[in-house]
Amino acid sequence: MATVSLDAFLAEIDRLRIDATAALSAAVDAPALEAARVEFLGAKSGRLKSIQKLLGGLAADDRPAGGRHFNELKQAVSDALEGAQQRLADGGESIEPIDVTLPGDPPRLGHLHPITQTIRRVQEIMSRLGFESVDGPEVEDQWHNFEALAIGAEHPARDPLDNFYLAVAQGTDPLLLRSQTSTVQIRVMERRKPPLRIVSLGRVYRPDTADATHYPMFHQVEGLLVEPGTTMAHLKSVLRMFASSFLGGDVHVRFRPSFFPFTEPSVEVDMEWGGRWIEMGGAGMVDPAVLEAVGYDPDSVSGFAFGLGVERIAARRYGVADIRDFYRNDVRFLSQF
Ligand code: DAH
């Protein structure tokens, strides 16, 4: 008699239990059930019989445990056979009664997309600072996207390769998907007189190749304040208050000299939070040429403007390393927010 370890013996028992229950419950008619019965419980060469023979190969100490498991298996297979016979006698598949008093499966509740959550939060913080939320169109003309913002005809930002121009009839003014939310500054100032405090959050489009920090469609926060006596100090205070509310805790804001056609002076805005400086966008004092373009008198009003990347501030706040994750629509990612 070949020796066999208790582990190997129990593994055989498990395999047989799985095979037997599967075969017996799958039998659709009497001949199929009989075939399954012979295969497992057949007196001469059934698989149960062969396992029983292995019992003798167990070490003497293991034999009582082996015998007990074997008996349980035999009982389980006999029960399964009886159940299958009953099922066929009842005329096939028995239907599980439904207990209508059991609690149902709760529907999975969704929530707002993290970018939408971020937009709402920015709007809420800015409204506490007195900034009204306004919208502008995503399809823009050259005046609002460029000219009124002092971005002249020769400026590289107007290059067709850097913008999504739309096909329009010959001889009509070209339209494009706006490349920045600064357009909304113009749209609001054209309609209203100072004092003004507005923010506008929305989509902008640029034909960039998608990578961890770029996407051909993204969102910006545009801020504009026009009031007599406005200075860069007001700009920095507003950005610092915003950043502290949004990120939580002590956030430092740093300005680096820069250039934008529609602000003078212009700065890049960096924020330090959790020990790391991150570039968040641009800002500056509204250029007198822009105030003139909308019919304001640059000698009597001044203002500041800023533009921040929504994906950037959201990624910073939530610790997201790749902004493409925001748009993959993978619920495993999105459900974390
Ligand atoms: N519109 C600029 C961009 O998309 C960002 C910007 C810079 C907005 C300076 C502003 C500003 O309002 O003052 O790169």
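Ligands are counted one by one from 1 in listed order, and the atoms in each one are counted from 1 as well. Along the sequence shown, residues carry numbers from 1.
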Could you give me the CA-CA distance, side-chain angles and deciding distance for Ser179 and Asn145, then say whether side-chain hydrogen bond (donor to acceptor under 3.5 Å, both in side chains) is met? CA-CA 7 Å; Ser179 61; Asn145 202 89; 3.0 Å; yes
Are any of the N/O atoms on Ala305, whether in the backbone or the side chain, positioned under 3.5 angstrom from an N/O atom of ligand 1?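 Yes, there is a polar N/O contact under 3.5 Å.
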Does the residue Ala283 have a heavy-atom contact with ligand 1, meaning some pair of atoms that are separated by less than 4.0 Å?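 Ala283: in contact with ligand 1 (<4.0 Å).
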Step through the shown structure and confirm whether more than 12 heavy atoms of other residues, nucleotides or ligands are within 6.0 Å of [atom1] on [X].
X      : atom1 : answer
Arg328 : CZ    : yes
Asp105 : CG    : no
Lys74  : NZ    : no
Leu102 : CG    : yes

Please write down residue, atom name and distance for the protein heavy atom closest to [atom].
atom                    : value
atom 3 (C) of ligand 1  : Arg206 NH2, 3.6 Å
atom 2 (C) of ligand 1  : Gln180 OE1, 3.7 Å
atom 12 (O) of ligand 1 : Glu222 OE2, 2.5 Å

Kindly identify the option in Gly309, Gly281, Gly284, Gly307 whose heavy atom sits closest to atom 6 (C) of ligand 1.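 Residue with the shortest heavy-atom distance to the ligand atom: Gly307.
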Gap separating the CG atom of Leu176 from the CG atom of Asp162, nearest 0.5 angstrom: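 The CG atom of Asp162 is 11.5 Å from CG of Leu176, to the nearest 0.5 Å.
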Part of Phe262 with heavy atoms under 4.0 Å of ligand 1, whether side chain, backbone, both or neither: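 Under 4.0 Å from ligand 1, Phe262 contributes side-chain atoms alone.
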So if I count the atoms of ligand 1 from 1 in the order they appear, which ones are less than 4.0 Å from some heavy atom of Thr263?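 In order of number, 13 (O).
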Using a 4.0 Å cutoff against the non-hydrogen atoms of Gln185, which atoms of ligand 1 qualify?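 In order of number, 12 (O).
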Do the side-chain N and O atoms of Tyr327 and Glu311 include a donor-acceptor pair separated by under 3.5 angstrom?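 Distance-only check passes for Tyr327 and Glu311.
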